[in-house]
Amino acid sequence: MFNRNFSILLFGRILTNLADSLYFIAGMWLVYELTENPFYTGLAGFLISIPIALQFLLGPFIDKWNLKKILIFTQLLQAILLLVIPLLDYYNNLHVVTLLILMPIISLIQQFTYPTQNVILPKILDEEHFVKANSIMMFAYQGIDILFTIASGIVILKFGAINMLICSSILFFISTFIYLIIKIPEEKDSYEVMSFKLFLNEYKMELFEGYVFIKKSFIPKFLIGSLVANFLLGAVTANLPSYAAFKGSEAYYAYYLAALSTGLLLGTLISFYLSKIGLGKLTVVGFFISGALGLIAAFSSNLYVSIVTFGLSQIMPGATGVLFLSVLQKNLPENYLGRVFSFINSFTMLAAPLGALFGGIFISIVGTEYLLHLVMVSMFFVSMYWLVSPLLRNLPGIDHFEAERYGLNINEDTKVEYSGSTS
């Protein structure tokens, strides 16, 4: 069913995601070790998330540049920059300010990777394989991530965050060589040699085209609910180190992260079986159940009940994420894939930096023990928001999605607005 290029992309994705997980866990814990202040972990989460919110600016480059080169150079740059942190530590010159500068730079480079992988997939597979392929990609990533996060508390204690960052750098180097052998059909650079002014005008026009395309589709309504949910979930994930310390052990940080990954993994596993159900009904009912599970996680006095229900509350976000991605890959015009994916990633994560900062302030004022209450609120919000929107609650299953009906096609009105607005 799947070919050699997909296998290469999948293996590269696994290495990249594992390197990202190592970097994120070690980086956030290193910030907490250097400061022992939840405000700084919230600030680190805020700074790491800012590039994610700006990802939409990268869309025109992804649509125009050689996709293989993007993957290779982003992996290589991240590998090199990550080595700076261990070197500074070796010479006793590592300060939290340095981390707060390097972490968002590495995060910015990382923002090219995932939209590029999403654009590559429909170029190397037939559309009937999209749901299974996306599910496998996310399953492989989450599965390995779970194994690591479960053990990460022990790994941090035994080997230290610095050694974890070195391992992350090595993995990025390996993924660089993996992407060297992938073959993508009809790959070439589309930005020709031109003056900076001409380049800037073309870039702005294509960025604007992507914005107008999204504006005329159902996507903005979908994004509103995601903005609020990601604001609150960003507050939770960025401040889990503080919550783990409040619970009594840094190992609990790994347990909550593992629960988060496990829930998302289970969601990707069942996504294929849920593809026949209308996306609207699935989201309304599924996120309501997730909210109930978040309620238990927040109020349970039993640590393990809290961890398990926290993980279970993430199943539906994992499942709907795969299905929504597959819908777009199947229905979007090919030359808009990069811009649309980067716009969506940006705006779904737009609230995460503010959420991370808010989380640090929130638990400093009301107390760390109330952090998981935000999970409950975010899930219930998504369910209620989709319920009151006729367009969203009536979204069909992936096989019955009509591109024209939901604004995922190019029409004459759209073209007129493009030319009129860029003249």
Side-chain angles (χ1 to χ4, degrees), residues 114-115 118 121-122 125 127-139 142 213-230 232-233 263-294 312-333 336-337 340-351 378-409:
Y114 300 116
N118 290 336
L121 192 143
L125 288 176
E127 67 177 36
E128 62 264 26
H129 300 316
F130 288 173
V131 174
K132 285 186 178 180
N134 284 314
S135 181
I136 289 172
M137 293 265 289
M138 296 193 70
F139 172 78
Q142 295 290 349
F213 179 87
I214 291 172
K215 182 181 177 182
K216 289 180 173 293
S217 73
F218 81 103
I219 293 174
K221 286 185 178 291
F222 164 82
L223 291 181
I224 293 174
S226 297
L227 283 173
V228 176
N230 277 280
L232 298 176
L233 290 176
L264 293 172
L265 171 64
L266 291 174
T268 63
L269 277 175
I270 66 173
S271 61
F272 179 74
Y273 301 100
L274 299 176
S275 61
K276 305 299 181 184
I277 303 175
L279 278 173
K281 293 178 181 178
L282 182 65
T283 301
V284 171
V285 176
F287 273 81
F288 183 84
I289 295 172
S290 293
L293 291 167
L312 292 175
S313 71
Q314 302 304 308
I315 291 177
M316 195 49 56
T320 54
V322 170
L323 295 174
F324 186 69
L325 175 61
S326 300
V327 163
L328 294 180
Q329 288 173 333
K330 186 174 181 179
N331 291 280
L332 285 173
Y336 280 80
L337 284 169
V340 173
F341 283 136
S342 57
F343 260 112
I344 290 172
N345 288 344
S346 291
F347 284 96
T348 53
M349 294 303 297
L350 181 63
S378 66
M379 297 299 174
F380 278 136
F381 175 84
V382 172
S383 177
M384 293 300 102
Y385 175 76
W386 279 59
L387 179 64
V388 300
S389 170
L391 177 66
L392 294 178
R393 72 168 180 263
N394 291 316
L395 284 179
I398 183 171
D399 293 332
H400 300 286
F401 225 87
E402 299 175 11
E404 185 174 353
R405 180 178 179 184
Y406 296 98
L408 297 180
N409 64 315

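- Between Met316 and Phe288, every side-chain heavy-atom pair lies at or beyond the 4.5 Å cut-off.
- Between Leu392 and Tyr385, the closest heavy-atom pair is CD1-CE2, 3.4 Å.
- Phe324 contributes atom CZ, which lies 10.0 Å from atom OG1 of Thr283 (distance to the nearest 0.5 angstrom).
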Quiz item: Should Leu323 and Ser275 be marked as a side-chain contact (heavy atoms from CB on, under 4.5 Å) after you check the CA-CA gap, both sets of side-chain angles, and the distance that decides it?
Solution: CA-CA 7 Å; Leu323 295 174; Ser275 61; 3.8 Å; yes
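- Side-chain atoms of Ile270 and Ile315, non-hydrogen and from C-beta on, do get closer than 4.5 Å to each other.
- Within a 6.0 Å radius of CZ in Phe272, other residues, nucleotides and ligands contribute 12 heavy atoms or fewer.
- Summarising the geometry of Val388 relative to Arg393, their closest heavy-atom pair is C-NH1, 3.8 Å, with the distance given to 0.1 Å.
- Here the rule is side-chain contact (heavy atoms from CB on, under 4.5 Å) with Gln314, and of Leu266, Leu293, Leu264 only Leu264 fits it.
- Between Phe380 and Gly291, the shortest heavy-atom contact is CZ-C, 3.4 Å.
- Note: Phe287 CZ to Leu387 CG = 14.0 Å, rounded to the nearest 0.5 Å.
- Taking CD1 from Ile398 and CG from Leu279, the interatomic distance works out to 7.5 Å, rounded to the nearest 0.5 Å.
- Counting all heavy atoms, side chain and backbone alike, Ser271 lies closest to Thr268 at OG-O, 2.8 Å.
- Phe381 approaches Ile224 most closely through the heavy-atom pair CE2-O, 4.5 Å.
- The two residues Met379 and Ser313 come nearest to each other via the heavy atoms CE-O, 3.4 Å.
- Contact annotation: the side chain of Phe213 never approaches that of Ile219 to less than 4.5 Å [non-hydrogen atoms, C-beta and beyond].
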